[in-house]
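Here is the structure we will look at.
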Amino acid sequence: FDWQLQRGAVTPLDPACQPVYPVQALSALAGFLLFFVLDWRLKARRYPGQVFFWMLMGYAVYRFAIEFLRVDTARMGTAVIPVGWTIAQWISPAVWLGAFAWSVWIRRKEKESAAY
């Protein structure tokens, strides 16, 4: 209540705070879902590290999306992207792209070594 009061979401006369999303429960659910998907895909991996890259990419997508529901993190925009994103939303696309590029590099390296 105090946190919402300080930010003007409620007044001192309100009987309770505004409802919020159960982000912690959603995070736990997403973690379990990501684990089970990765465990299922473990047998179908084609090169070493593939499941690790899927984990990085899956977590980046999850974290980017869940940040829209969180209200306790600071949002910031830039001249290029005026939308207020959190720090996690700025980092998540970079993590996803880095994991994707790294997985492509590893896969090509594995194919080249298998050709010899």
Tabulate below the donor-acceptor pairs under 3.5 Å that side-chain atoms of residues 32-58 make, not counting sequence neighbours, or state none.
residue, atom, partner, partner atom, Å
R45, NH1, L42, O, 3.1
Q50, OE1, R46, N, 2.6

Roughly how far, to the nearest 0.5 Å, is OG1 of T86 from CD1 of I91?
8.5 Å

Applying side-chain contact (heavy atoms from CB on, under 4.5 Å) to L29 and not counting sequence neighbours gives none

With a 4.0 Å cut-off on N to O distance, would you call E67 and R63 a salt bridge?
yes

Between atom OH of Y59 and atom CZ of F64, what is the distance when rounded to the nearest 0.5 Å?
14.0 Å

Nearest 0.5 Å, what's the CZ-CG distance between R70 and L26?
11.5 Å

List the residues meeting side-chain contact (heavy atoms from CB on, under 4.5 Å) with A60, not counting sequence neighbours, and say none if there are none.
S92, V95, W96

To the nearest 0.5 Å, how far apart are CZ in R107 and CD in E112?
13.0 Å

